[in-house]
2 protein chains.
Amino acid sequence: MPERKPRADAVRNREAVLAAADRLFATCDRPEQVTMADIADAAGVGKGTLFRGFTDRTGLIHALYETRLEPIRQAITDGPHPLGPGTPPLERALALLDAILCFKLDHRHLALALEATGTDSPYGATHYDWWHGTLRDVLAELPGFTTVDFTAHALLAAVRADLIDHLTDHRHLPREQLRTDLAEFTTRVLTSTAGPGTHSFA
Amino acid sequence: MPERKPRADAVRNREAVLAAADRLFATCDRPEQVTMADIADAAGVGKGTLFRGFTDRTGLIHALYETRLEPIRQAITDGPHPLGPGTPPLERALALLDAILCFKLDHRHLALALEATGTDSPYGATHYDWWHGTLRDVLAELPGFTTVDFTAHALLAAVRADLIDHLTDHRHLPREQLRTDLAEFTTRVLTSTAGPGTHSFA
DNA sequence: TACGATACGGACCCGGGGTCCGCTTAACCC
DNA sequence: GGGTTAAGCGGACCCCGGGTCCGTATCGTA
């Protein structure tokens, strides 16, 4: 079974669609305003082609997101300091979160579009489990940490796309401000010597 | 102009609709499965009545959410210890977040429905500004805090409905576990002596 | 060049949010 | 209680967007 190679026009179209979608999402301010028909038109293909290639709306956005995310993923799994492995945990955790933040800033439209699919909250997405797992493993290397799992979730929640979007677009927080704020917050969380701080209320 | 009193059937219907909606959202597992027509049927009224009374889907969910939220709001603005004013800031912040967490646990369906409206991310909702403002003011009373604004956002992000839902329904974290985890996390954030933790990466 | 497999595309379907308007009925006045 | 008025009702209807289908065009191969 020599596994036929995919047709040339198919791959060409696939690229065209991804490019068109990226462009449209980037220019329109509410991702749900971008309709499938719009994307098809902009890419110069029929609607059927979209769904053949990407199954459904979510699939298309997913695919797009994935391509943009790949480099960062790479940098984390086996890249150089400070993102790659081999960086001491506290510094690496900070680097991770900063990287996510910057990514979301640079690709706000995509991240928002992804979350706006509605079909699956971010927590259904495959990315999320990966991010969470990675961050959790890093935190686990820090001494004296018990609630690693929840902490990873909470830290990731601080860089969710819509929050970032709200802070930059509506509240006009400049990028660097946001980065330092996040860094300080993360540092607080990770360097605290919190004993059993569990005050219990009735 | 003696200001006619509202018609009896109108208020009766309003209640019926709210009750029906609450019931439906509570039983169906994905809020977007509940259609406006469903709610109208369940309440024994016509679709027109829904839109007359609540403008649109978002409005209906908003109204519902508001009624459930009111007691807690009350307890915070002028209730007793530990939620009310007059509680020392650290303890009060912990109480606030715990209260939000419990509320979202008890009304998961509503909170999810609200976020799933899509039309406005949680950050567009009026509640959010109030929560954020309240929490921010409390944090501001803690000594040595600089990034109060962002910290408030980040802490609130940790109790977002879909995260809570994911942790309880998919990961099966028990309620009490979640509460203690959140309490510890919050304590870490608020009791850390974080100096200028702003390591800068290139 | 001929042929099979694959991809194309746009007409079409369907379900859900939101509208509209002729009819109903509660509130007010006597 | 009976008449008048306008607020309220409801469901047929519209619109729009995601997703499907299948006759046709195109590619890859021999």
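On a predicted model such as this, the values are computed, not experimentally measured, just so you know. Computed from heavy atoms alone, side chains included, the values below leave out hydrogens, waters and symmetry copies. Proteins come first, then strands; the chains are lettered A, B, ... in the order of their sequence lines, and each starts at number 1.
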Over how many whole Å does the gap from [X] atom [atom1] to [N] atom [atom2] extend?
X	N	atom1	atom2	result
A:Phe54	D:dG19	CZ	P	14 Å
B:Met36	C:dG18	CE	C1'	9 Å
A:Leu60	D:dG17	CG	C1'	15 Å
B:Arg7	C:dA26	CZ	C1'	4 Å
A:Leu50	D:dG17	CG	C1'	13 Å
B:Asp38	C:dG15	CG	P	13 Å
B:Asp56	C:dG16	CG	P	17 Å
B:Ile39	C:dG18	CD1	P	11 Å

* DNA chain D: A:Gly48 or A:Gln33, which has the more 5' nearest nucleotide? -> A:Gln33

May I ask you to verify if any side-chain N or O of [X] is less than 4.0 angstrom from the OP1 or OP2 atom of [N]?
X	N	answer
A:Thr49	C:dA7	no
A:Arg57	D:dG18	yes
A:Asn13	C:dC8	yes

* **Side chain proximity check, B:Leu163 to B:Leu167, heavy atoms < 4.5 angstrom** => yes

* 4.5 Å side-chain heavy-atom contact, A:His109 and A:Pro31 -> no

* Asked: With distance as the sole criterion, do the side chain of A:Arg52 and the base of C:dA7 form a donor-acceptor contact below 3.5 Å?
  -> no

Can you tell me which nucleotide in [options] comes closest to the side chain of [X]?
X	options	value
A:Ala8	C:dC21, D:dG28, C:dC8	D:dG28
B:Val45	C:dG17, C:dA7, D:dG10	D:dG10
B:Lys47	C:dT19, D:dG10, C:dA26	C:dT19
B:Phe51	C:dT19, D:dG10, D:dG18	C:dT19
A:Thr35	D:dG18, C:dG17, D:dC27	D:dG18
B:Asp9	C:dG17, D:dC9, D:dA7	D:dC9

* Do B:Thr191 and B:Thr187 meet the criterion of a side-chain donor-acceptor pair at a distance under 3.5 Å? -> no

* To do: Check A:Gly144 against B:Arg188 and note the closest heavy-atom contact, atom names and distance.
  => O-NH2, 4.1 Å

* Check each of A:Ile76, A:Asp78, A:Ile72 against A:Gln74 using the side-chain contact (heavy atoms from CB on, under 4.5 Å) test, and report the only one that passes. => A:Asp78

